[in-house]
Amino acid sequence: MPNRSLDLIVVGDCNPDLVVTGDDVTPAFGQAEKLVTGMSLVIGGSASITAVAAARLGLRVALVAAVGDDPAGEVILSLLSREGVDTGAVAVRCGQPTGMTAVLSQGADRAILTAPGAMTTVTAADVPDGLLARARHLHVSGYFLLAGSLGPGLAGLLAAARRRGLSSSLDTNYDPARLWGDQRLRAALAQADVFLPNEAEARGISGECELGPAARALVAVGRNVVIKLGARGALCVPAGSADPCLVAVPELRPVDSTGAGDCFNAGVIMGLLHGLDLRRAVALGCAVGAASTAEPGGTGARIDRQTAFSLASAATITSTDLRSS
């Protein structure tokens, strides 16, 4: 591959997150006021969190997304720029609001409320061809939020990246409509080098109730599949299901799990770009994802490359039989 000035392009959602933390963050209607432990305005959107985590790990990162021409858009672009993320390809949609999310977080569990705004207008055409020419890897986040705009051209975008020599990955995130995709998603999965769902998403997209059959169904559609299992680590299924394994790092006590899966993605991508095999790259993903839960919000904990490799060195990699998973 020729020299590239970018390691990573991340395509997807971009919005501020209002993260509310505490032992009881369930709102009480009837004009009642409750006190919570903390409330933070942070970088949100799966794509943005992955981009920031990757930049902190030392990768050269550009983000492709859409925001509105409003104060929230100005804030999120400023925060991303401070983190070293190239936002030159983020579209600013005149007359539209920037998407925003409220996260109600209780330890390892959370509830999420999102007003999509301009984030759902990003398309494959928003990814400049010249940007692809400069990069080594293309990652797509938040597919189900963006399916109406990004879905029609996504398989073609991933195919174009492959022709240019880029590796690629896809994380759909949760489907609020619980429809779990269509032929456009299947076409995109067939083009992506690595698919990175969590357990609930893997079950929903595959239509299988058990983890093993879900993994087998997904790897049959695409290439490599990595299913995030939260504190249990990740199920790594290489193309062809030749050597599936469970990967985990020592468990850390979480403060807030918001964005942990997005940070996991950044760790996996860093590992692949460093030439690690998929299992070792997934160990890095587990390390970055686990470390990200130490502070509120997906970008609250600052994880550098040394920290990631140190925690990943303690990972366990255990062969598994998908028929019994």
Side-chain angles (χ1 to χ4, degrees), residues 9-17 43-51 62-70 72-73 76-77 80 87 89-103 111-129 131-132 138-162 168-192 194-198 200-207 218 221-222 259 261-262 265 298:
I9 301 168
V10 184
V11 180
D13 47 339
C14 174
N15 58 273
D17 271 0
I43 293 170
S46 296
S48 296
I49 293 171
T50 296
L63 177 67
V64 178
V67 300
D69 59 342
D70 57 9
I76 191 66
L77 291 180
L80 287 164
T87 61
V90 176
V92 179
R93 309 295 194 203
C94 294
Q96 296 194 38
T98 298
M100 297 189 71
T101 291
V103 181
I112 303 170
L113 300 170
T114 295
M119 78 168 74
T120 57
T121 68
V122 68
T123 71
D126 287 317
V127 183
D129 193 57
L131 199 63
L132 286 178
L138 173 68
H139 176 72
V140 179
S141 283
Y143 172 85
F144 284 124
L145 283 177
L146 312 171
S149 58
L150 185 59
L154 181 55
L157 173 63
L158 290 166
R162 179 178 298 277
S168 63
S169 51
L170 171 62
D171 185 352
T172 60
N173 301 111
Y174 193 79
D175 183 4
R178 299 186 183 181
L179 299 176
W180 300 114
D182 53 18
Q183 288 303 314
R184 294 185 303 192
L185 176 57
R186 294 176 70 86
L189 290 176
Q191 293 294 334
V194 186
F195 180 38
L196 296 157
N198 66 22
E201 293 153 6
R203 294 175 193 272
I205 294 166
S206 68
L218 292 173
V221 173
D262 307 314
N265 296 342

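Positions are given from 1 along the sequence. In this text, all values refer to a predicted model and were calculated from it rather than measured experimentally.
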Can you name the closest pair of heavy atoms from [X] and [Y] and give their distance?
X	Y	value
A47	D13	N-OD1, 3.0 Å
F144	Y174	CB-O, 3.6 Å
P16	A72	CG-O, 3.9 Å
G12	A65	O-CB, 3.2 Å
L170	F195	O-CD1, 3.3 Å
T50	D262	OG1-O, 2.9 Å

Atom [atom1] in [X], atom [atom2] in [Y]: separation rounded to 0.5 Å?
X	Y	atom1	atom2	answer
I205	L185	CD1	CG	5.5 Å
N265	S46	CG	OG	8.0 Å
H139	S168	NE2	OG	10.5 Å
S48	L63	OG	CG	5.0 Å
C14	L77	SG	CG	6.0 Å

Can a donor-acceptor pair be found between the side chains of S141 and D171 at a distance below 3.5 Å?
no

Which residues satisfy the salt bridge (charged side-chain N to carboxylate O under 4.0 Å, His left out) test with D175, sequence neighbours excluded?
none

Suppose we screen for salt bridge (charged side-chain N to carboxylate O under 4.0 Å, His left out). Which residues come up paired with R184, at least two apart in sequence or across chains?
D182

Could you check if a side-chain atom of V67 sits within less than 4.5 angstrom of a side-chain atom of V90, using non-hydrogen atoms only?
yes

Heavy-atom side-chain contact between D69 and R93 under 4.5 Å:
no

If the test is side chain to side chain contact (heavy atoms under 4.5 Å, CB included), which one of V140, V194, L138 qualifies with S169?
V194

Who pairs with N198 by side chain to side chain contact (heavy atoms under 4.5 Å, CB included), at least two apart in sequence or on another chain?
A200, E201, K228

Who are the side chain to side chain contact (heavy atoms under 4.5 Å, CB included) partners of A159, not counting sequence neighbours?
R163, Q191

Please enumerate all residues that pass side-chain hydrogen bond (donor to acceptor under 3.5 Å, both in side chains) together with S206, with sequence neighbours excluded.
none

Without placing hydrogens or testing angles, list every side-chain donor-acceptor pair under 3.5 Å for residues 148-157, not counting sequence neighbours.
from, atom 1, to, atom 2, distance (Å)
S149, OG, T120, O, 2.9
S149, OG, V122, O, 2.7
S149, OG, L146, O, 3.3

Tested for side chain to side chain donor-acceptor pair (under 3.5 Å) against N15, the lone hit among T114, T101, T98 is T101

Derivation of the side-chain contact (heavy atoms from CB on, under 4.5 Å) call for I76 and I43
CA-CA 6 Å; I76 191 66; I43 293 170; 4.0 Å; yes

